[in-house]
Amino acid sequence: MSSIPPPGQPAAPAGGAMSAWFLELERLLDRLERAGTHYQVLGVNQASGREEVLTAYRQTLGFLFPVAELFAVLPPDTQRRMDQALEKATQAFTVLAIASRRRDYDRTLTTSREPSIPVERPKPAPPIIPPARPPEKVQITPPVTPKPQSPAELLEVKRPTAQREVYSEYGRRDDNNRRRCDRFKMSLPVRVTGHDRHEGKWHEVAESVDVSRTGVRLHLRRRVMHNTILYLTLPLPLKLRAHGFTETTYNVYGIVRRILPQPDGRRLVGLEFIGEHPPAGWLDKPWAICRTKQWAGINRRRHPRFDRAEPVVIEFLTEDKKFVAREEGITENISRGGMRVKLKTAPSEFDLVRISASKFSFESLAVMTNRYTGPDGSPRISLQLIEREWPVDRP
């Protein structure tokens with residue numbers, strides 16, 4: 001599979017490379033259609049480790065998800081074959097990437113090692129279908145559809161109501177755990193679909209850092225903005241799902257909550273799942289910034305915030321700390337770990353913020369955790385301090 005381009009290269013083949021790309025696609029589809037075992041589907045063998053399985057699956061996804069413009073010109077039959085190939089590859093990955101499932105599957109094979117491509121068309125292995133019934137103690141929350149909004153750049157997303165424990169492991173919490181649901185470290189390939197107002201739809205095959213029943217953190221090369229909606233496809237374990245228990249992959253809409261630049265040029269993006277359906281109005285403006293309802297649950301902040309107005313200077317920076325713009329603002333609330341600041345204007349694209357307050361001889365780098373326009377028309381940004389804590393707890 002060395003000829004398959006790696007994920008994260010969105011450009012379509014050009015010139016003479018186009019013919020080679022179609023030829024390689026046909027070879028890949030033919031191999032997947034003739035494969036009789038999960039190992040043959042991914043082009044690995046029984047001695048391959050989980051990392052090899054993951055790499056093979058991500059490479060397959062990167063080839064089966066070309067840019068939207070290229071996919072649109074493919075014949076309908078080819079598109080159908082690509083969809084079927086995706087299902088087959090994902091089914092193979094969900095079995096081979098989990099040790100217990102892989103051991104059970106290996107017992108069903110008649111030989112310890114299979115050739116990469118069979119000479120004759122073998123009888124397909126029986127599909128391994130996940131149980132249709134969700135695990136006990138899983139609470140399925142029906143999607144919440146907001147009231148239709150008037151056409152505007154802002155969509156409205158309702159936060160889910162307070163949730164009970166998903167299953168027993170979630171009940172064992174310590175006092176320092178402020179999350180509604182525990183996170184599990186899992187490196188899963190995630191197909192991310194987003195929309196740019198000028199460029200249109202885009203795709204990227206990313207990799208998760210950790211997952212929970214309510215969201216996912218993943219590494220993304222594409223620049224995204226806070227409070228935009230992305231469509232995710234990933235092989236999420238059944239016990240973490242809220243729907244799609246009989247499907248091979250988990251398809252869910254998520255809203256961008258956190259963005260943290262990484263040294264390698266990628267961004268660590270945290271998304272909150274909002275359900276299997278997008279909010280009202282999203283289909284008309286899928287690039288829009290979404291506004292969420294006020295959080296009515298418990299306060300999960302590590303430090304309490306207090307209403308406090310202090311003049312501050314904000315410098316907007318790129319990920320490599322190059323200067324973008326400078327603005328003066330007034331804090332609306334402050335804690336030792338962060339604050340909300342009212343500004344006159346703010347640039348549309350930046351990665352980091354340097355905030356300073358001469359009154360306290362204070363300066364620190366920060367990342368933006370939220371952004372919205374207040375009732376008075378002025379922008380607000382919520383910041384999380386990453387170098388120093390604010391020196392004063394209370395007014």
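Quick caveat, the model's predicted, so the values are computed rather than measured.
Hydrophobic clustering of Ile, Leu, Val, Met, Phe, Trp and Tyr side chains at less than 4.5 Å, counting indirect connections, keeps Ile259 apart from Leu317. The hydrophobic cluster containing Val209 does not contain Val252, counting ILVMFWY residues as joined when their side-chain heavy atoms lie under 4.5 angstrom apart, directly or transitively. In the hydrophobic cluster analysis, where Ile, Leu, Val, Met, Phe, Trp and Tyr join through side-chain heavy atoms closer than 4.5 angstrom, Met186 is grouped together with Leu220. Phe245 and Ile98 fall into different hydrophobic clusters, where Ile, Leu, Val, Met, Phe, Trp and Tyr residues are linked whenever their side-chain heavy atoms come under 4.5 Å apart, directly or through other members. No single ILVMFWY cluster, assembled from side-chain heavy atoms under 4.5 Å apart, contains both Ile330 and Met339.
In the model, Glu272 has no side-chain atom that pairs as donor or acceptor with a side-chain atom of Thr214 under 3.5 Å. Using a 3.5 Å distance cut-off with no hydrogens or angles, the side chains of Asn370 and Arg257 do not pair a donor with an acceptor. A donor-acceptor contact closer than 3.5 angstrom is absent between the side chains of Glu310 and Thr331. Thr37 and Tyr105 form no side-chain donor-acceptor contact under 3.5 Å, judged by distance and modelled atom types alone. Counted by atom type alone, Asn251 and Thr233 present one or more donor-acceptor pairs between their side chains at under 3.5 Å.
At least one donor-acceptor pair closer than 3.5 Å links the side chain of His226 to the backbone N or O of Met368. Checking side-chain atoms of Ser212 against main-chain N and O of Arg183 turns up no donor-acceptor pair under 3.5 Å. The closest donor-acceptor contact from the side chain of Thr94 to the backbone of Gln91 lies under 3.5 Å. Within the 3.5 Å criterion, the main-chain N or O of Arg222 finds a donor-acceptor partner in the side chain of Glu204. With hydrogens and angles ignored, the 3.5 Å screen pairs a side-chain donor or acceptor of Arg241 with a backbone N or O of Leu236. No side-chain donor-acceptor contact under 3.5 Å links Glu387 to the backbone of Leu385. Here the side chain of Glu327 pairs no donor or acceptor atom with the backbone of Val313 at under 3.5 angstrom. At least one donor-acceptor pair closer than 3.5 Å links the side chain of Lys88 to the backbone N or O of Leu32. Not one N or O on the side chain of Gln59 forms a donor-acceptor pair closer than 3.5 Å with the backbone of Ala56. When atom types are taken as modelled, the side chain of Gln40 and the backbone of Gly36 share a donor-acceptor pair closer than 3.5 angstrom.
For the pair Val41 and Ala89, the tightest heavy-atom approach, listed with the atom from each and the gap, is CG1-CA, 3.7 Å. When all heavy atoms of Asp264 and Arg221 are compared, the pair lying nearest together is O-NH1, 3.9 Å. Of all heavy-atom pairs between Ala206 and Val192, the closest is CB-CG2, 4.2 Å. Residues Pro311 and Ala357 approach most closely at O-CB, 4.1 Å, considering heavy atoms. Taking each heavy atom of Arg336 and Pro391 in turn, the nearest pair found is NH1-O, 3.8 Å. The shortest heavy-atom contact between Ser364 and Ile386 is OG-N, 4.1 Å.
Interatomic distance, Ser378 OG to Leu343 CG, rounded to the nearest 0.5 Å: 8.5 Å. Atom CG of residue Leu96 and atom OH of residue Tyr57 lie 11.5 Å apart, to the nearest 0.5 angstrom.
You'll find the side chain of Thr228 reaches within 4.5 Å of the side chain of Ile289, heavy atoms only. The shortest distance between side-chain heavy atoms of Leu86 and Thr248 does not fall below 4.5 Å. Taking the side chain as every heavy atom from C-beta outward, Arg27 and Glu24 approach each other to under 4.5 Å. Residues Glu199 and Trp287 are not in side-chain contact: their nearest non-hydrogen atoms beyond the backbone lie 4.5 Å or more apart. Side-chain contact between Leu230 and Val224 is present, with at least one heavy-atom pair separated by less than 4.5 Å. Two residues are said to be in side-chain contact when any heavy atoms from C-beta on lie closer than 4.5 Å; Met82 and Leu29 meet this criterion.
Look at Arg107 and Asp104 and you find a salt bridge, because one of the NZ, NE, NH1 or NH2 atoms lies within 4.0 Å of a carboxylate O, short of that distance. Classification of Arg80 and Asp83 as a salt-bridged pair fails, no side-chain N sitting under 4.0 Å from a carboxylate O. Under 4.0 Å is where a charged nitrogen must lie from a carboxylate oxygen, and between Asp210 and Lys185 no such pair does. A salt bridge links Glu349 with Arg223: the closest approach of a Lys/Arg side-chain nitrogen to an acidic carboxylate oxygen falls below 4.0 angstrom. Electrostatic pairing of Arg267 and Asp351 counts as a salt bridge here, judged by a charged N lying under 4.0 Å from a carboxylate O. Remark: Arg266 does not engage Glu207 in a salt bridge, criterion side-chain N to carboxylate O under 4.0 Å.
By the 6.0 Å and 45° rule, Lys239 stacks over the aromatic ring of Phe184.
None of Val312, Thr369, Ile314 except one satisfies the side chain to side chain contact (heavy atoms under 4.5 Å, CB included) rule with Leu383; the exception is Ile314.
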Intermediate values then yes/no, side-chain contact (heavy atoms from CB on, under 4.5 Å), Val216 and Leu232 = CA-CA 10 Å; Val216 61; Leu232 311 175; 3.8 Å; yes
request  = Before giving the answer on ring-ring contact (aromatic ring centres under 6.0 Å, His included), spell out for Trp282 and His277 the whole-Å C-alpha distance, their side-chain angles and the decisive distance to 0.1 Å.
outcome  = CA-CA 10 Å; Trp282 181 84; His277 303 291; over 10 Å; no
key: Worked check of ring-ring contact (aromatic ring centres under 6.0 Å, His included) between Phe93 and His38   = CA-CA 8 Å; Phe93 174 77; His38 293 324; over 10 Å; no
task = Applying side-chain contact (heavy atoms from CB on, under 4.5 Å), run through Leu234 and Ser208 and close with a yes or a no.
result = CA-CA 9 Å; Leu234 67 160; Ser208 69; 5.6 Å; no
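By the 30° and 60° cut-offs, the orientation of the rings of Tyr253 relative to Tyr231 is tilted.
Applying the 6.0 Å contact sphere to CD of Glu389 captures more than 12 heavy atoms from other residues, nucleotides or ligands.
Residue pairs meeting the salt bridge (Lys or Arg N to Asp or Glu O under 4.0 Å) criterion with at least one member in residues 360-384, sequence neighbours excluded: Glu332-Arg380, Lys342-Asp376, Arg354-Glu363, Asp376-Arg380.
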